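By convention in this document, chain letters (A, B, ...) are assigned in the order of the sequence lines, proteins followed by strands, and residues within each chain are numbered from 1. All figures in this text were calculated on a predicted structure; none of them were measured in a lab. Heavy-atom basis, side chains included; hydrogens, waters and symmetry copies ignored.
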2 protein chains.
Amino acid sequence: MSYAAADPVYEDIRAMILAGELEPGSPLRQDEIAKRFGISKIPVREALRRLEVESLVTFERNKGASVRQYSETEALQLLDIRIALECRALELAIPNMIASDFNDMHAHLADYAKRTEVAEWSAMNTRFHHMLYEPCGNKPLLNMINDLQGRLGQFLRVLVSTASGLERPMREHEDILEASKAADVDAAVQLLRKHIETTKKEVAAFLRRGG
Amino acid sequence: MSYAAADPVYEDIRAMILAGELEPGSPLRQDEIAKRFGISKIPVREALRRLEVESLVTFERNKGASVRQYSETEALQLLDIRIALECRALELAIPNMIASDFNDMHAHLADYAKRTEVAEWSAMNTRFHHMLYEPCGNKPLLNMINDLQGRLGQFLRVLVSTASGLERPMREHEDILEASKAADVDAAVQLLRKHIETTKKEVAAFLRRGG
DNA sequence: TTGTTGCAAATCGTATACTATTTTGTCAAC
DNA sequence: GTTGACAAAATAGTATACGATTTGCAACAA
């Protein structure tokens, strides 16, 4: 015994929340999770506390943990943070991009364009953005972007399947990639900023209509 | 019993780390902390795990927790994130600033300039930055900036007492405040960016000399 | 019906207790 | 004096146990 009992719980629950398999608001019963993993409640609680700090879970005293439900304003605020972090990451990444990076991104976009399954779009979209930022080499920054993506997941998943379609984001992705290829940092950053701001507007509209 | 035993531990240890009272690398003994607070190890571990997610503490299996030591590259990377977050916060804050905000900031800078105790500078500096960003109204963003400030604390505390003095940052603070007052968002953001980039250069130089 | 009261069950939070691992100290061999 | 082996102590990690709080439900009164 004694092999980091909390880690698998943390990973699993986290993945389930990010994948949208657990509804926001649904309770996370400690005994049940403990039994499922064949361990006691102690490491389960540790895992849940960690998720709490990541804002994926909330605790209420004597009621335990539940999947965190974001308010509408919070979603929009998180998108403002996304603008800051992702624009900075792109700015730092462009000088480090090499030919194979561009090839990979082109290939990914080509693949992306062919997908007809709405369910796939969200993941493909996230992946493209990460490919853009990875060359920045700033691990903590990439982690923060990842975390944010996770927190926004519940909104973006719904959005991508209803509002935006594929054409507009696709065109914008290609523009950003071209500007990056031309090493035009300012242009690329401005395009990315507009891209995320459009997403923000779509989320706002979606919520206004009572998402 | 049963009243959030972990919370006071979390707050206290966190405050001690941020204040620099605990050396990076020093171990955090669970039994000792538990005894000090008159509780058992379980809530202590929860508190430490929370601090781990905030990157203030690291766990090594069967060796427990210790105050996290940042590498030099990580410090510089965190400063790149600071540029992103704080510039964005200022950008969002300026349109929301009112007369009393400007008065408060002016008063704070005047007070700041009179302080001769080096130990006070760091806190005064942090406070001024927060006053700049607060009007943005974006809670999650302000929290992230706070967290970053904490993580960078161990570097900036040393820095402020050795390298930078008071004049240069003071002049820059005033410039940023003037641009904000004039509602010149672009200028203010550029000044702030330069301001933090200078800090970054100073940290880099400090580390090169084997800080 | 509707609202209240009072259990009983479910669930949480944490102290205690036990095992596993690491660290420390001792002593003999070289 | 240094090194290695091994026992003892310290420390971490987790299961079990138990009191405290909340929740669900039934019985009853209005």
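- Across the protein-nucleic acid pair, Gln30(B) atom CD and dT11(D) atom C1' stand 8 Å apart, rounded to whole Å.
- Closest-nucleotide positions on DNA chain D for Lys63(A) and Lys41(A) were compared, and the one nearer the 5' end corresponds to Lys41(A).
- When all heavy atoms are compared, the tightest approach of Ser180(B) to Leu132(B) is OG-CD2, 4.1 Å.
- Between Glu46(B) atom CD and dT14(C) atom P the separation is 7 Å, expressed in whole Å.
- To the nearest angstrom, C1' of dC12(C) lies 13 Å from CD1 of Ile33(A).
- Using a 4.0 Å heavy-atom distance criterion, Arg29(B) is classed as a sugar-phosphate-only contact.
- In this entry the distance linking CG of Leu48(B) with C1' of dT11(D) reads 13 Å, nearest Å.
- For Arg61(B), the side-chain atoms get nearest to dG13(D) when compared with the rest of dT16(D), dG13(D), dG13(C).
- Ionic pairing of Glu11(B) and Arg14(B) is not present here: no N-O contact between side-chain nitrogen and carboxylate oxygen is shorter than 4.0 angstrom.
- Between Arg49(A) atom CZ and dG13(C) atom P the separation is 7 Å, expressed in whole Å.
- Protein atom CG of Asp31(B) is 15 Å distant from nucleotide atom C1' of dT14(C), rounded to whole Å.
- The nucleotide whose nearest atom lies closest to any side-chain atom of Arg45(B) is, among dT14(C), dG13(D), dG13(C), dG13(D).
- Looking only at distances, a side-chain donor or acceptor of His108(A) sits under 3.5 Å from a matching main-chain atom of Met124(A).
- Arg82(A) has its side chain within reach of His129(A): a pair of non-hydrogen atoms, C-beta onward, lies under 4.5 Å apart.
- Following rounding to the nearest Å, Ile42(A) (CD1) and dG13(C) (C1') show an atom-to-atom distance of 9 Å.
- Whole-Å rounding puts the Ile39(B) CD1 to dA20(D) P distance at 18 Å.
- Nearest to the side chain of Phe59(A), among dG13(C), dC12(C), dT14(C), sits dG13(C).
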